[in-house]
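Working notes for the structure below.
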Amino acid sequence: MTLHIVSKSPYGCNALTECLATFAEGDVLLLIEDGVYALTDHKWQAAPAGSVYCLRADAEARGIAIPEKVEGIDDTRWVELCTRHNPIVSWYK
């Protein structure tokens with residue numbers, strides 16, 4: 001069960017697309033920093049239901065609404081995700 005962390009906008013790089021191409025059953029996606037712009041792109045919907053999270057503070061800082069199918073989380077929940085998943089892969093290219 002891999003935790004995939006995407007921190008770059010889908011409008012500036014292919015990190016999200018490449019990440020989703022490797023997704024396996026039990027994996028989860030966490031959108032942080034400019035990665036939360038993916039919430040306006042809809043590519044994140046390729047991930048299985050219930051497997052997409054975003055850092056709430058990053059979405060709020062950018063004025064992006066969090067869709068119902070995405071769980072907005074805080075730093076404490078992020079740490080919890082990190083302790084429950086192995087490996088953790090950061091996508092930033």
Side-chain angles (χ1 to χ4, degrees):
M1 294 182 5
T2 301
L3 170 59
H4 299 272
I5 301 173
V6 175
S7 62
K8 300 296 181 187
S9 169
Y11 301 110
C13 72
N14 292 324
L16 179 62
T17 301
E18 292 174 8
C19 165
L20 292 174
T22 69
F23 233 70
E25 185 176 337
D27 288 0
V28 297
L29 170 64
L30 173 59
L31 303 170
I32 66 167
E33 299 171 358
D34 285 345
V36 298
Y37 284 112
L39 298 175
T40 65
D41 179 271
H42 301 294
K43 288 181 185 176
W44 62 268
Q45 293 180 358
S51 67
V52 182
Y53 301 84
C54 80
L55 203 54
R56 186 180 303 114
D58 288 344
E60 289 173 357
R62 289 160 179 80
I64 297 173
I66 301 173
E68 288 183 26
K69 296 180 180 180
V70 176
E71 183 179 339
I73 64 171
D74 59 13
D75 290 338
T76 302
R77 181 79 164 106
W78 182 2
V79 171
E80 181 184 321
L81 287 175
C82 289
T83 61
R84 288 184 26 214
H85 293 86
N86 187 21
I88 299 170
V89 179
S90 294
W91 299 85
Y92 52 87
K93 287 186 180 185

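This one's a predicted model, so the numbers in the text were calculated from it and none came from an experiment.
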Subject >> From CG (L3) to CG (N86), nearest 0.5 Å >> reply: 10.0 Å
**OP:** Check whether any side-chain heavy atom of P10 lies under 4.5 Å from a side-chain heavy atom of T17, and answer yes or no.
**Re:** no
Original post:
If you measure from CD on E68 to CD1 on I66, what distance do you get to the nearest 0.5 Å?
Top reply: 12.0 Å
Subject >> same_hphob_cluster(W91, L55) at 4.5 Å side-chain heavy-atom cutoff >> reply: no
Original post:
Given side chains that start at C-beta, do those of W44 and C54 come closer than 4.5 Å, heavy atoms only?
Top reply: no
**OP:** Specify the closest pair of heavy atoms between R84 and R77, including all atoms of both residues, with the distance to one decimal.
**Re:** NH1-NH1, 3.3 Å
Original post:
Are I32 and V6 connected in the hydrophobic side-chain network, where two residues link if heavy atoms are under 4.5 Å apart?
Top reply: no
Original post:
From L81 CG over to L29 CG, what is the distance, rounded to the nearest 0.5 angstrom?
Top reply: 10.5 Å
Original post:
Residues in side-chain contact (heavy atoms from CB on, under 4.5 Å) with T2, at least two apart?
Top reply: H4, D27, P87, V89
Subject >> Nearest heavy-atom neighbours spanning S7 and E33 >> reply: CB-OE1, 3.4 Å
Subject >> side chain to side chain donor-acceptor pair (under 3.5 Å) contacts in which one or both residues fall within residues 46-60, not counting sequence neighbours >> reply: none
Subject >> Co-membership, hydrophobic cluster, residues L16 and I5, 4.5 Å side-chain >> reply: no
Original post:
Do L30 and I88 sit in the same hydrophobic cluster, where Ile, Leu, Val, Met, Phe, Trp and Tyr count as joined when their side-chain heavy atoms come under 4.5 Å apart?
Top reply: yes
**OP:** Treating Ile, Leu, Val, Met, Phe, Trp and Tyr as nodes and any side-chain heavy-atom pair under 4.5 angstrom as an edge, say whether I73 and V70 lie in one connected cluster.
**Re:** no
Subject >> Counterpart residues, side-chain contact (heavy atoms from CB on, under 4.5 Å), relative to T40 (two or more places apart) >> reply: Y11, I64
Original post:
So how far is it from L39 CG to K69 NZ, rounded to the nearest 0.5 Å?
Top reply: 13.0 Å
**OP:** Taking all heavy atoms of E80 and all of T83, pick out the closest pair and write down the distance.
**Re:** O-OG1, 2.8 Å
